[in-house]
2 protein chains.
Amino acid sequence: MTQNTQPKSVANQLFLTDEQLRKGTEAMFFAYRGFTADPDRILADRGYGRAHHRAVHFIHRSPGTTVNNLLNILGVTKQSLNRVLRTLIADGLVSSHVGQKDKRERHLHLTDAGVALEQSLSNAQRDRMRTAYKAAGAEAVAGFRQVLEAMMDEDMRHQYEALKDKNE
Amino acid sequence: MTQNTQPKSVANQLFLTDEQLRKGTEAMFFAYRGFTADPDRILADRGYGRAHHRAVHFIHRSPGTTVNNLLNILGVTKQSLNRVLRTLIADGLVSSHVGQKDKRERHLHLTDAGVALEQSLSNAQRDRMRTAYKAAGAEAVAGFRQVLEAMMDEDMRHQYEALKDKNE
DNA sequence: TTGGAATGTCAACAAGGCTGACGTATTCTG
DNA sequence: CAGAATACGTCAGCCTTGTTGACATTCCAA
């Protein structure tokens with residue numbers, strides 16, 4: 001349907017051919033596998049999965065966040081998140097306190113053990129990311145980020161932007 | 001965008017700070033969600049999941065491929081893939097023939113209905129990709145691909161490279 | 001020709017999504 | 001103040017998709 005075998009007038013659009021887009025798709029698929037591979041190994045050793053990683057990551061990012069807040073960021077149901085939080089709290093990696101202002105809320109923090117796990121996960125992931133960044137160079141990295149940001153859903157881009165410059 | 005108020009030796013490496021790497025991590029997380037969102041909706045309507053998408057995609061890419069071959073590309077166990085293939089075959093989207101040369105092998109093809117599904121999935125995914133590519137521009141896309149390729153595991157990069165230029 | 005390797009199938013289990021229903025505490029609002 | 005709305009937890013049950021284990025068939029090499 002959108003086969004691009006056009007004249008030169010569109011030569012500057014060559015990166016938009018179906019073939020180029022398909023390559024991008026497959027690159028995303030294979031790269032995401034690499035992206036999660038290292039943390040997955042660490043998690044498997046401790047009987048956790050990717051869901052635990054995501055929870056730990058975002059609690060670390062936003063200490064004191066509420067359950068509801070986390071729900072929006074992670075995009076899962078509360079039943080699903082609750083299962084994960086329950087094990088993390090039981091294992092002493094996450095603490096949950098009733099809110100001061102609003103007592104319906106629970107504020108989540110990593111314990112020392114939780115911070116330690118987060119560190120080992122993010123170190124593993126960062127190492128791979130750093131290697132990839134170094135290999136590709138600063139300009140490629142800028143392009144990488146631009147395309148990824150353009151690929152997000154509206155809502156997610158807002159979540160992302162809100163977190164983006166938090167610790168600068 | 002890059003404020004160069006630093007000495008050169010530092011400025012060159014600014015994209016390798018932990019903060020930059022963390023942003024890249026989160027960009028991957030949110031972008032991958034967007035990346036899969038559109039096909040996921042189509043699949044859900046038909047009672048399929050992402051595993052079906054992957055199988056259909058790579059059978060389309062490499063018609064006549066064997067189960068074992070697909071296993072290597074997808075990186076799952078044969079039992080897991082088999083369940084998905086079984087439903088796709090039962091639903092008449094994929095055909096499986098015993099190999100001529102080696103009768104242990106099964107060669108996989110998409111039926112017309114399978115091709116139709118593949119089209120609707122890849123059209124949806126390409127649309128988002130195209131929009132993102134357009135918004136980011138050709139140079140950003142080149143960087144995007146470079147970083148993704150550098151992020152893959154060795155083995156996966158080989159799989160990816162092998163597929164990469166197949167239809168050019 | 002026979003034993004091992006390769007290919008693929010079936011069965012059963014676990015993680016982690018989902019929906020729906022319900023209970024409890026707390027806060028907001030008319 | 002009463003009732004609606006919000007935040008959270010939990011139970012039950014479903015689905016997809018990953019896992020291991022057991023097994024049949026086929027091929028190949030000693």
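If you're wondering where the values come from, they're calculated on a predicted model, not measured in any experiment. So you know, we letter chains A, B, ... as the sequences are listed, proteins then strands, and number each from 1.
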By ring pair (Phe, Tyr, Trp, His ring centres under 6.0 Å), His97(A) pairs with (sequence neighbours left out) His109(A)
For Asp112(B), does the CG atom sit with more than 12 other heavy atoms under 6.0 Å from it, leaving out its own atoms? no
Between residues 27-57 of chain B and DNA chain C, which residues have a heavy-atom gap below 4.0 Å? none
If you measure from the Lys or Arg side-chain nitrogens to the Asp or Glu carboxylate oxygens, is any gap between Arg130(A) and Asp18(B) under 4.0 Å? yes
To the nearest angstrom, how far is Gln79(A) atom CD from dG13(D) atom P? 15 Å
Would you list the pairs meeting salt bridge (Lys or Arg N to Asp or Glu O under 4.0 Å) in which at least one residue belongs to residues 133-151 of chain A, sequence neighbours left out? Arg145(A)-Glu149(A), Glu149(A)-Lys164(A)
Tell me, please, the opening and closing nucleotides of DNA chain C, 5' to 3', among those with an atom under 4.0 angstrom from a non-hydrogen atom of chain A. dG16(C) to dT27(C)
So do the side chains of Leu163(A) and Phe58(A) get within less than 4.5 Å of each other, counting heavy atoms only? yes
Quick one: side-chain contact (heavy atoms from CB on, under 4.5 Å) partners of Ala113(B), sequence neighbours excluded? Leu93(B), Thr111(B)
Salt bridge (Lys or Arg N to Asp or Glu O under 4.0 Å) pairs touching residues 75-88 of chain A, sequence neighbours excluded, are none
Could you list the donor-acceptor pairs under 3.5 angstrom formed between side-chain atoms of residues 35-42 of chain A and any protein atom two or more places apart in sequence or on another chain?
residue, atom, partner, partner atom, Å
Thr36(A), OG1, Tyr32(A), O, 3.1
Thr36(A), OG1, Arg33(A), O, 3.3
Thr36(A), OG1, Arg50(A), NH2, 3.2
Asp38(A), OD1, Arg41(A), NH2, 2.6
Asp38(A), OD1, Arg128(A), NH2, 3.2
Asp38(A), OD2, Arg128(A), NE, 3.0
Asp38(A), OD2, Arg128(A), NH2, 3.4
Asp40(A), OD1, Arg50(A), NE, 3.3
Asp40(A), OD2, Arg50(A), NE, 3.3
Asp40(A), OD2, Arg50(A), NH2, 2.7

Rounded at 0.5 Å granularity, tell me how far CD in Gln20(A) sits from CG in Leu16(A). 9.0 Å
Results of side-chain contact (heavy atoms from CB on, under 4.5 Å) for Glu105(A) - residues two or more places apart only: Thr66(A), Asp102(A), His107(A)
Residue list, ring pair (Phe, Tyr, Trp, His ring centres under 6.0 Å) with His60(A), at least two apart or on another chain: none
So do Met151(A) and Met28(A) actually touch side chain to side chain, heavy atoms under 4.5 Å? yes
Relative to each other, are the rings of Phe144(B) and Phe144(A) parallel, tilted or perpendicular (30° and 60° limits)? parallel
Plane angle bin for Phe15(B) and Tyr133(A) - parallel if under 30°, tilted between 30 and 60°, otherwise perpendicular: parallel
Rounded to 10°, tell me the angle between the two end axes of the helix from dT1(C)-dA30(D) to dG30(C)-dC1(D), each built from five pairs. 10°
Between Val84(A) and Ser96(B), whichever has its closest DNA chain C nucleotide further toward 5' is Ser96(B)
Can you list, in residue-number order, the parts of residues 64-78 of chain B that come under 4.0 Å of DNA chain D, counting heavy atoms only? Val76(B), Thr77(B)
Heavy-atom contacts under 4.0 Å between residues 99-110 of chain A and DNA chain C, which residues? Lys101(A), Asp102(A), Lys103(A), Arg104(A)
Would you say Arg86(A) reaches dT10(D)'s phosphate, i.e. side-chain N/O to OP1/OP2 under 4.0 Å? yes
Could you tell me if the side chain of Tyr48(A) sits less than 4.5 Å from the side chain of Leu117(A), heavy atoms only? yes
